[in-house]
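This report refers to the structure that appears directly beneath it.
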Amino acid sequence: MPELPEVETIRRQILWLRGREVLAVEQADVKADPRYVNLLRAVGQRILAVERRGKFLILPLSAGDELVIHLGMTGVVTWLRAAQHVRVVLRLSGRDRTRLYFCDPRRFGRLLVVPRGDRSCLPALARMGPEPLKRGFTAAGFHRALQSTSAIKPYLLSQRPVAGLGNIYADEVLWRARLHPLRPACTISPRQANELHAAIRTLLREAVRARGTTARDRGYRTASLESGSFQAKLAVYQRTGEPCRRCGKAIVRIVVAGRGTHFCSRCQRR
């Protein structure tokens, strides 16, 4: 699933949408789909900004609505006509790049138009924690948010203590902070929380600069349909049996809360 670095990469590539009017919405799938809700309300409205909240793209519209995009497992938005598995097309004003395609091979993504700020049909957005790359995400506040008996990895994936981490970057930040993925969140000390906080901020910045991670399933593409490059720097994710980049011990894979989880049993003792 595209995580914060991948969604932020796409956001930066589609900033040209600002000021464009939505002239029409075309849904490629003939049958009605509950994942694409109220899209015709966008017609006639201008896109005021291109924002991101966690793993969601949010486009405020001129008449008081906003277009919310969640990429699901394999979704991408692009202006390139060569795109495949197109589900929705936005026809836009302007002389160039007059179409935006939403492509989603596995059909887990969502597009919907809601009144601006309305989270009644988006509970995941309503309960989301702070943005990790903004000033409001402090080490002290993060430590307070970790007061949960849940294991640290699924708690990070819940989006409550911090927004935007998914399976890839949760594994990576826990390795950097030397924390076992099954460690109860509430047992993490202030010093360890500081180290995890720093790892989150540093790693996400690095991944954004690399335009995200295109893993082995090659599901993620940027808005220009190119691969990210951060996969070359992954320390544990999808490296089962390979030597730890820090101590040399073989990387282990277990399942935590239904998610494949990679870690070093020497560096990340339980």
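Owing to the predicted nature of the structure, the values given are computational and were not obtained by experimental measurement.
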- Query: Taking everything shown except Arg116 itself, do over 12 heavy atoms lie less than 6.0 Å from its CZ?
  - Reply: yes

Identify the heavy atoms of [X] and [Y] that sit nearest to each other, and give their distance.
X: Lys55; Y: Val7; result: O-CG2, 3.5 Å
X: Arg91; Y: Glu26; result: NE-OE2, 4.0 Å
X: Val76; Y: Ile10; result: CG2-CD1, 4.0 Å

- Going by heavy atoms in the side chains, are Leu67 and Ile47 under 4.5 Å from each other? no

- Residue list, ring pair (Phe, Tyr, Trp, His ring centres under 6.0 Å) with Tyr155, at least two apart or on another chain: none

- Item | By ring pair (Phe, Tyr, Trp, His ring centres under 6.0 Å) - contacts of Phe137 (at least two apart) | Phe142, His197

- Item | Tyr169 versus Glu6, side-chain donor and acceptor atoms under 3.5 Å | yes

- For the residue pair Phe102 and Tyr36, categorise the inter-ring angle as parallel (less than 30°), tilted (30 to 60°) or perpendicular (more than 60°). perpendicular

- Item | With Glu8, the salt bridge (Lys or Arg N to Asp or Glu O under 4.0 Å) member among Arg209, Arg211, Lys134, Arg52 | Arg52

- Task: With rounding to the nearest 0.5 Å, note down the distance linking CD1 in Ile152 to SG in Cys186.
- Result: 9.5 Å

- Query: Rounded to the nearest 0.5 Å, how far does CG of Leu61 lie from CD of Glu21?
  - Reply: 11.0 Å

- Task: List, by chain and number, the other hydrophobic cluster members for Leu157, where Ile, Leu, Val, Met, Phe, Trp and Tyr join if side-chain heavy atoms come within less than 4.5 Å, directly or indirectly.
- Result: none

- Message: Membership question, hydrophobic clusters at under 4.5 Å side-chain separation (ILVMFWY): are Ile188 and Leu203 in the same one?
- Response: yes

